[in-house]
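This report concerns only the one structure given below.
Counting from 1, the numbers follow the sequence of the chain as shown.
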Amino acid sequence: MKQFQFNYESEDKLLSVLKRIKQWCNSSVVSNILFQIYTETLNKNRIEKICDHIKAEIPDALYMGCSTNGNILLGDKSESPISIVCTVYEYPSTKILLLQYPLTEEEAREVASNLKRVIRENSWVKSVITYTTMRGMSMTDYCSYLSELPKSIVFSGGGAFSEDMNESEAFVFSSEGEISDHATVFLLTGGEDYYIETLHVTGWKPLGRYLSVTKAKGPILYELDGRPAYETYYKYLNIKNDENFFTNTLEFPFLYELNGLDILRAPIASNEDGSIVMTADIAENVRARIAYGDPWTILESVYKTAVSFQQFIPETFTVFSCAARRTFWGDDEAGNETQPFQSLAPTSGFYTSGEFLRTGKYINQHNVTLVIVAQREGDITGKAIPQVDMDTEVFSGKVSMINRLATFIQEATTELEEANRKLEQLAISDGLTGLLNRSEIQHRITKRVKELEHLGMHKRVKTGTSLIMMDIDDFKKVNDNYGHKEGDLVLIGLSNLLKDIVKAYPDSSVGRWGGEEFMMLLVDVDEKKASEVAEDIRRGFNDIEFKQAGRRTISLGVTELIAGEDSDICCMRVDSALYEAKRTGKDKVVIN
């Protein structure tokens, strides 16, 4: 695999470079030639002329390209608005295929289906790289459709963009289609001598407590924890809703879990209603945290990723880096995180509006992320392992101030969340037994009654949810004869038994009703089954032998909730059943 990377300066210089490439190819073994064209300028006429020159000089070559927020050439941010990369595949077994399809949200499923069909027809395919327009389009369903591709297919790519991040126009093009504002281009590559590996780098780390996404639609994040989303940035980071909002939030995107991965979503604007426009869709009912970007931490992540590619011995790298990362670093330092890959192999790519990468069975759209694609042809036996050339002193052996502060904040937040969790648990728990206290078990019964209202207020039908109320027989004698300490042990013994039994019934609960009385709420358990559970409790408690109190007995009442009755009535019915069990001899189960 041979690669030529150069900037477009003029038509004459382009023709001169193309002739040199043609001459090299004529004197070498070549199976395929691919040009990748990256352009910050939206001048379509100029791009068409470049494509025409490629077709005229090297007719067998394929080409693909897109508009970008910046180009990466030889591992650094290119100063030229148009950059061109020519990859020459040398092994006869290596095959490439280009596809281009119109793309809108309505056409997404059809595009994915067409791609799957082509891959089925070409069993040699190992990799799919995409350039796609995506501005103003939700990519959630599209990624889901693409995730149905065979799991063996490596999928990566980037979203077309423009030099002005506020500009919505972007386009893609290829030798298989014209320049289009709503399209996707796929490069399919494979063959028995073709190898590919992909990884991604974020480097942003979580900071502070979890926030619940309580209202969102597509890329619009309306509420966090029930409050306007913008308030989070103002309250915690003092970021104002002005023309600098995007720049100031670059270091602090949201991080949340999607398909088992930590995904970043960057805010790009704040609306008057306090909602925030994100770089991509964010789902409701997920937990997110603000993340922070620290150059030292990012570079350490880059170094570790570059080192992990050494054994692969790549021949080229293609990188898809979020435009937000370019802005974060600034043009003078943007190459800090791409040059380490250049030390291993020729590195090119572009700054995107979003990055795509398959991890496991899912294809995800990333933001604020660096996706790295390593390729090579042929066996590596006998080849020297390249070394990463990177100054590690900037992050080795010392920790930056922001990293230390973030670690302090994170640890303090974790401790506070744990303390709050314990307080919440204490508020609903009985101090002696660890079961729910009466207030909480009563609350759960009331909640369940309300959930069952849909069965009909006037049908008076049984609901399949039951209560068991129980009372330790002659408990006063235990306290009088053996002391309250032994009485406590008897209560704890029953409580442990109840904890074990209730585990078998999802969404069910058990609590201490008061003194030696206990209540169990059994969800999706009718009274027949509940009576069997009650018998298990009765026999299980009979089998416990306490050190001083010996074996004790228990009386139990059972009832099934009836649609239309309130929680007080059903509690009175189960209490009546328990009273009947006590009145008629104890150590028994009575159903009401």
Side-chain angles (χ1 to χ4, degrees), residues 103-106 108-109 132-147 159 161 165-166 168 200 202 204-242 244-293 322-325 327 352-357 359 362-369 413 417:
L103 180 65
T104 62
E105 288 187 41
E106 292 73 24
R109 182 184 288 276
T132 183
T133 56
M134 54 189 291
R135 299 284 280 169
M137 174 178 168
S138 170
M139 306 301 286
T140 301
D141 289 342
Y142 185 52
C143 286
S144 295
Y145 302 145
L146 291 173
S147 294
F161 215 170
M165 296 181 73
N166 296 312
S168 60
H200 74 284
T202 58
W204 268 251
K205 301 296 182 182
L207 179 67
R209 69 181 183 87
Y210 280 104
L211 303 160
S212 295
V213 178
T214 48
K215 185 179 180 182
K217 185 176 182 180
I220 308 299
L221 175 59
Y222 289 96
E223 293 181 0
L224 290 165
D225 289 343
R227 302 290 302 165
Y230 164 72
E231 290 185 10
T232 296
Y233 277 97
Y234 184 74
K235 178 180 179 181
Y236 293 110
L237 299 169
N238 196 30
I239 294 176
K240 296 179 174 59
N241 187 6
D242 56 23
N244 298 314
F245 179 81
F246 171 71
T247 304
N248 289 332
T249 57
L250 271 181
E251 295 180 43
F252 304 100
F254 279 108
L255 185 150
Y256 77 106
E257 186 177 296
L258 177 66
N259 297 328
L261 283 180
D262 285 337
I263 300 289
L264 291 171
R265 291 287 184 260
I268 55 176
S270 180
N271 300 318
E272 290 184 4
D273 63 358
S275 63
I276 292 176
V277 182
M278 310 298 286
T279 45
D281 292 357
I282 187 167
E284 286 186 352
N285 303 316
V286 298
R287 295 200 308 164
R289 284 194 284 180
I290 290 176
Y292 73 97
C322 183
R325 296 180 81 96
T327 306
T352 74
S353 58
E355 306 77 56
F356 299 95
L357 183 64
T359 305
Y362 295 106
I363 292 172
N364 295 301
Q365 180 196 347
H366 292 261
N367 294 117
V368 201
T369 299
T413 300
E417 287 177 342

**Prompt:** Which distance, rounded to the nearest 0.5 Å, do you find between the CG of Leu255 and the OH of Tyr210?
**Reply:** 8.5 Å
Under 3.5 Å, sequence neighbours excluded: what are the donor-acceptor pairs made by side chains of residues 216-232?
unit_1: Asp225; atom_1: OD1; unit_2: Ser212; atom_2: N; d: 2.9
unit_1: Asp225; atom_1: OD2; unit_2: Arg209; atom_2: NH1; d: 3.0
unit_1: Asp225; atom_1: OD2; unit_2: Arg209; atom_2: NH2; d: 3.1
unit_1: Arg227; atom_1: NE; unit_2: Glu231; atom_2: OE1; d: 3.2
unit_1: Arg227; atom_1: NH2; unit_2: Glu231; atom_2: OE1; d: 3.3
unit_1: Arg227; atom_1: NH2; unit_2: Glu231; atom_2: OE2; d: 3.1
unit_1: Tyr230; atom_1: OH; unit_2: Ile239; atom_2: O; d: 3.1
unit_1: Tyr230; atom_1: OH; unit_2: Asn241; atom_2: N; d: 3.0

**Message:** Do Ile282 and Val213 have side chains that approach each other closer than 4.5 Å (heavy atoms only, starting at C-beta)?
**Reply:** yes
**Request:** Provide the closest heavy-atom pair for Ala266 versus Pro253 in the form atom of the first, atom of the second, distance.
**Result:** CA-CB, 4.0 Å
**Request:** Kindly give the heavy-atom pair with the smallest separation between Trp204 and Phe252, and that separation in Å.
**Result:** NE1-N, 4.4 Å
**Prompt:** Which residues pass the side chain to side chain donor-acceptor pair (under 3.5 Å) test with Asn271, sequence neighbours left out?
**Reply:** Ser275
**Prompt:** So do the side chains of Gln365 and Thr140 get within less than 4.5 Å of each other, counting heavy atoms only?
**Reply:** no
**Asked** Is Arg265 close enough and on-axis enough to Phe254, meaning under 6.0 Å and within 45°, for cation-pi?
**Response** no
**Prompt:** Just by distance, do the side chain of Ser147 and the backbone of Ile363 share a donor-acceptor pair under 3.5 Å?
**Reply:** yes
**Asked** Say you draw a straight line from CZ of Arg109 to CG of Asp141; how long is it, rounded to the nearest 0.5 Å?
**Response** 8.0 Å
**Message:** Could you check whether any side-chain heavy atom of Glu284 comes within less than 4.5 Å of a side-chain heavy atom of Thr214, counting everything from C-beta outward?
**Reply:** no
**Request:** Could you check Thr132 against Leu103 for side-chain contact (heavy atoms from CB on, under 4.5 Å), going step by step and ending with a plain yes or no?
**Result:** CA-CA 8 Å; Thr132 183; Leu103 180 65; 3.2 Å; yes
**Message:** Restricting to non-hydrogen atoms, name the atom on Met165 and the atom on Phe246 that form the minimum distance, rounded to 0.1 Å.
**Reply:** CE-CZ, 3.3 Å
**Request:** Mark yes or no for whether Ser353, through its side chain, and Phe161, through its backbone, hold a donor-acceptor pair below 3.5 Å.
**Result:** no
**Request:** Would you indicate whether the side-chain heavy atoms of Tyr234 and Lys240 approach each other to under 4.5 Å?
**Result:** yes
**Prompt:** Is there side-chain contact between Ile290 and Leu237, with heavy atoms separated by less than 4.5 Å?
**Reply:** yes
**Prompt:** Atom CZ in Arg289, atom CG in Leu207: separation rounded to 0.5 Å?
**Reply:** 8.5 Å
**Prompt:** Nearest 0.5 Å, what's the CG-CD1 distance between Asp281 and Ile263?
**Reply:** 12.5 Å
**Item:** Pairwise side-chain contact, Cys143 with Phe356, heavy-atom cut-off 4.5 Å (strictly under)
**Value:** yes
**Spacing of OH belonging to Tyr142 relative to CE belonging to Met134, to within rounding of 0.5 Å** = 10.0 Å
**Prompt:** If every non-hydrogen atom of Tyr233 is compared with every non-hydrogen atom of Pro267, which pair is closest and at what distance?
**Reply:** OH-CG, 3.2 Å
**Asked** Can you tell if the side chain of Tyr256 reaches within under 4.5 Å of the side chain of Asp262, non-hydrogen atoms only?
**Response** no
**Fill in**
Here the gap from Glu355 atom CD to Arg325 atom CZ, rounded to the nearest 0.5 Å, amounts to 8.5 Å
**Asked** Taking the side chain from Thr369 and the backbone from His366, do they hold a donor-acceptor pair closer than 3.5 Å?
**Response** no
